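Working notes, beginning with the structure itself.
Values below: all heavy atoms of this structure, side chains included; hydrogens, waters and symmetry mates excluded. As the structure is a prediction and not an experimental result, all values here were calculated from the model.
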Amino acid sequence: MNGAGVLTGGLVGALLTIALIAILYLAQQLAGLPFVPFDVFDWLARRLPGSVVTIGIDAMVAVIRALRLGDISTAAKTAEQILAICGLLLTGIIAGAVLFGALNRSGGTAGLIPGVVLGGLLGAALVAISLSSHQPATAGPLARAGWILLVFLVWGAALGWTYDRLRRAGAAPGVAGAPGAAVERIDRRRFLIRLGGATAVITIVGAGLGALIGSRRGRMRGVPWSARNRLPNADSPVEPVQGTRPELTPVEDHYRIDIDTRAPVVDEDEWRLRIGGLVERPVELTIGELRSNYEPLHQFITLSCISNPIAGDLIGTTRWTGVSLQRILDTVRPAGNATHLRMRSVDGFHEVVALDAIRADERIMLTYAWDGLPLPAEHGFPLRIYIPDLYGMKQPKWIEAIDAIDHDEAGYWVRRGWDPVARMRATAVIDTVGVDMMVIQADQAMRIPIGGIAHAGARGISRVEVRVDDGPWRQARLREPISPTTWVIWRFDWPFQPGEHTFTVRCFEGDGTPQIEARSPIRPSGATGLHSRDVML
């Protein structure tokens, strides 16, 4: 045994893999080459049983809320990315430990060739995974495959070379406790320190440059519609309580939940919407043709994720612009036996919508802009669908193909155990209790403003009520909504009473149907239950 064994191999594997990850990240930002950790993570997520994936989602949301790690969608996406990177790092540690352990046991075997073989085998497996994934590598398949093989061959060679370097250091004459053995330990230590320093420099430079390039590329260009126009309900006499979430969600703050660790990158010049299947006139449409050849439809819309917990932030409101699918049907003319449209996204996501629903509701539309600007990449550029009253899990982003079919079929999340209808649940939320904003009313009583939102998909809100402790339900005032498909801002000015109090809110749909008060979990149909807040006044 020369001392360059399993533990040393694991350490070397970690150092080299950290540098490798930084190089992969920089190459992805510079040249659109694949970032392997995310490819592997997304490949696994698409192949794991639905129950495993949904348990993971539930656990992630619970941890984020318990630790108050910020808005759920951003924290969840960051957690996915960290898990993906840690997965490749762990693979590198195990590979290094196994290689060093095997070579050490073989007694004197050179490590360079075994290291190259190990890197080649791992690289070949990752090439297969990457090429089968739907991740946003803009380079061609040959370039992607060649790049992955190259970097992992180099990684494997570096691993084997490091073993040889440490073995030579261990071959110096001397016995345990003698000066020669001490020199051997010092030489190895110095080499590992230098290796660590070199990999640290590569990691910092690669990650830093990659982040800088990515931040510049991701900046939104143009002036949003909301910066140039007043909202339709701007003159409503009911003012939101300070601390209530913005009535129109800034696009950069709108939640994002999808099946990808990072947003697919779509080349606008190359992209085509292919519509075929059971239609008389199959077509391929550019995004320019969708924008210019069809009358635009503008709608203010509140969209929620089915994974949104009670009072969660996986919900947002913005202005959507697109083309009514009724106009698209006029173009392609579905055959008489066609009953549904199957939509497929760039990332492999798929869902169906009934033709009868489209014919009955012109609001169902293909969307290409939010708040007057092209969809950001993370929100579905160049095209996504809007279907009123349904959770986001039924509304694909990054759509590239639509086929008319003669049957219904389960979409991506439905196959994984979620509700086949996914109709938005009515819910009311307390955003703020304005303890620092006591106001004097005409009756000279001090009142505490309480405010929040209520939402019931496209069904509207007719009434919101607030209860303090075990007292009676009292009606809140409603601000006129921006549109029939957005949330409603409500406020309740409560006569101040000192002490600890529990505030609870409930809402009623447009037709008077009360929200479901019994608590139910997120999965499979969306959370239900009343929202309460405890406040000391």
Side-chain angles (χ1 to χ4, degrees), residues 32 134 136 138 140 220-222 225 251 258 260 263-299 301 303 318-388 390 392 394-406 409 411-412:
H134 300 275
T138 55
M220 181 182 293
R221 298 180 180 179
W225 178 92
V251 171
D258 49 60
D260 307 291
V265 176
V266 178
D267 186 333
E268 180 175 343
D269 295 332
E270 298 293 329
W271 178 88
R272 298 290 185 275
L273 174 64
R274 296 172 175 84
I275 306 177
L278 301 176
V279 298
E280 295 179 9
R281 297 174 57 187
V283 297
E284 291 188 6
L285 300 171
T286 67
I287 192 65
E289 289 170 334
L290 286 169
R291 292 168 180 159
S292 60
N293 294 352
Y294 297 89
E295 181 181 356
L297 177 63
H298 306 288
Q299 301 186 78
I301 292 164
L303 185 69
T318 193
R319 183 177 183 264
W320 298 50
T321 299
V323 181
S324 172
L325 260 174
Q326 289 183 354
R327 306 287 83 77
I328 302 297
L329 295 186
D330 292 341
T331 298
V332 299
R333 298 175 186 173
N337 59 334
T339 60
H340 292 76
L341 296 184
R342 178 174 56 213
M343 299 163 287
R344 187 178 72 251
S345 300
V346 171
D347 63 348
F349 191 88
H350 55 90
E351 190 50 80
V352 298
V353 58
L355 284 171
D356 285 346
I358 296 170
R359 293 184 177 113
D361 192 343
E362 68 174 0
R363 297 174 301 176
I364 299 176
M365 70 174 182
L366 297 176
T367 302
Y368 49 73
W370 267 12
D371 201 10
L373 296 175
L375 286 169
E378 62 270 21
H379 290 296
F381 179 86
L383 199 67
R384 64 182 298 166
I385 194 171
Y386 168 63
I387 305 172
L390 301 187
K394 299 286 285 186
Q395 315 208 32
K397 300 180 281 188
W398 307 293
I399 297 173
E400 66 174 358
I402 299 176
D403 289 308
I405 56 178
D406 61 0
E409 61 181 44
Y412 184 92

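In this structure the side chain of Ile364 reaches within 4.5 angstrom of the side chain of Pro388, judged on heavy atoms. Side-chain contact between Asn293 and Val323 is absent, with no heavy atoms from C-beta onward closer than 4.5 Å. Within the 4.5 Å cutoff, the side chain of Glu268 has no heavy atoms near those of the Pro382 side chain. Considering only heavy atoms from C-beta on, Arg272 stays 4.5 Å or farther from Leu285 through its side chain. Inter-residue side-chain proximity for Arg319 and His298 is flagged as met; some heavy-atom pair is nearer than 4.5 Å. Using a 4.5 Å cut-off on side-chain heavy atoms (C-beta onward), Asp347 and Lys397 make no contact. You'll find the side chain of Arg384 reaches within 4.5 Å of the side chain of His379, heavy atoms only.
Judged purely by atom type and a 3.5 angstrom limit, Glu351 has no side-chain atom pairing as donor or acceptor with the backbone of Lys394. Thr318 places no side-chain N or O within 3.5 Å of a backbone atom of Val251 that could act as its donor or acceptor partner.
Between the CG atom in Leu303 and the CG atom in Leu390 there is a gap of 9.5 Å [rounded to 0.5 Å]. Between atom CG of residue Leu341 and atom CG of residue Asp403 there is a gap of 9.0 Å, rounded to the nearest 0.5 Å. Expressed to the nearest 0.5 Å, how far CG of Leu290 lies from CZ of Arg327 amounts to 13.5 Å. The line from CZ of Arg342 to CD of Glu409 is 4.5 Å long, rounded to the nearest 0.5 Å. Here Leu325 contributes atom CG and Asp330 contributes atom CG; the two are 10.5 Å apart, rounded to the nearest 0.5 Å. Rounding to the nearest 0.5 Å gives a distance of 12.0 Å between CD of Glu378 and CG of Asp260.
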Hey, mind stepping through Leu329 and Gln326 against side-chain contact (heavy atoms from CB on, under 4.5 Å) and telling me if it holds?
CA-CA 5 Å; Leu329 295 186; Gln326 289 183 354; 5.5 Å; no

Does the pair Arg274 and Glu400 meet the rule for a salt bridge (charged side-chain N to carboxylate O under 4.0 Å, His left out), with working shown?
CA-CA 6 Å; Arg274 296 172 175 84; Glu400 66 174 358; 5.4 Å; no

side-chain contact (heavy atoms from CB on, under 4.5 Å) assessment of Leu273 paired with Glu289:
CA-CA 10 Å; Leu273 174 64; Glu289 289 170 334; over 6 Å; no

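Across all non-hydrogen atoms, the minimal contact from Ile301 to Met365 is CD1-CE, 4.3 Å. Of all heavy-atom pairs spanning Val332 and Val279, the tightest one is O-CB, 3.4 Å. Trp271 and Ile287 get closest at one heavy-atom pair: CZ3-N, 3.5 Å. Between Gln395 and Ile387 the shortest heavy-atom distance is OE1-N, 2.6 Å. Across every non-hydrogen atom of Ser292 and Gly288, the tightest pair is OG-O, 2.8 Å. Across Ile399 and Met343, no two heavy atoms sit closer than the pair CD1-SD, 4.3 Å.
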Result block: side-chain N/O donor-acceptor pairs under 3.5 angstrom for residues 368-377, not counting sequence neighbours:
unit_1 : atom_1 : unit_2 : atom_2 : d
Asp371 : OD1    : Trp225 : N      : 3.4
Asp371 : OD1    : Ser226 : N      : 2.9
Asp371 : OD1    : Ser226 : OG     : 3.4
Asp371 : OD2    : Ser226 : OG     : 2.8

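Considering Ile328, Leu366, Ile385 in turn, Leu366 is the only one that fulfils the side-chain contact (heavy atoms from CB on, under 4.5 Å) rule with Ile402.
Residues meeting the ring pair (Phe, Tyr, Trp, His ring centres under 6.0 Å) test with Tyr412, sequence neighbours left out: Phe349. Taking Trp398 as the reference, nothing meets the ring pair (Phe, Tyr, Trp, His ring centres under 6.0 Å) condition, with sequence neighbours excluded.
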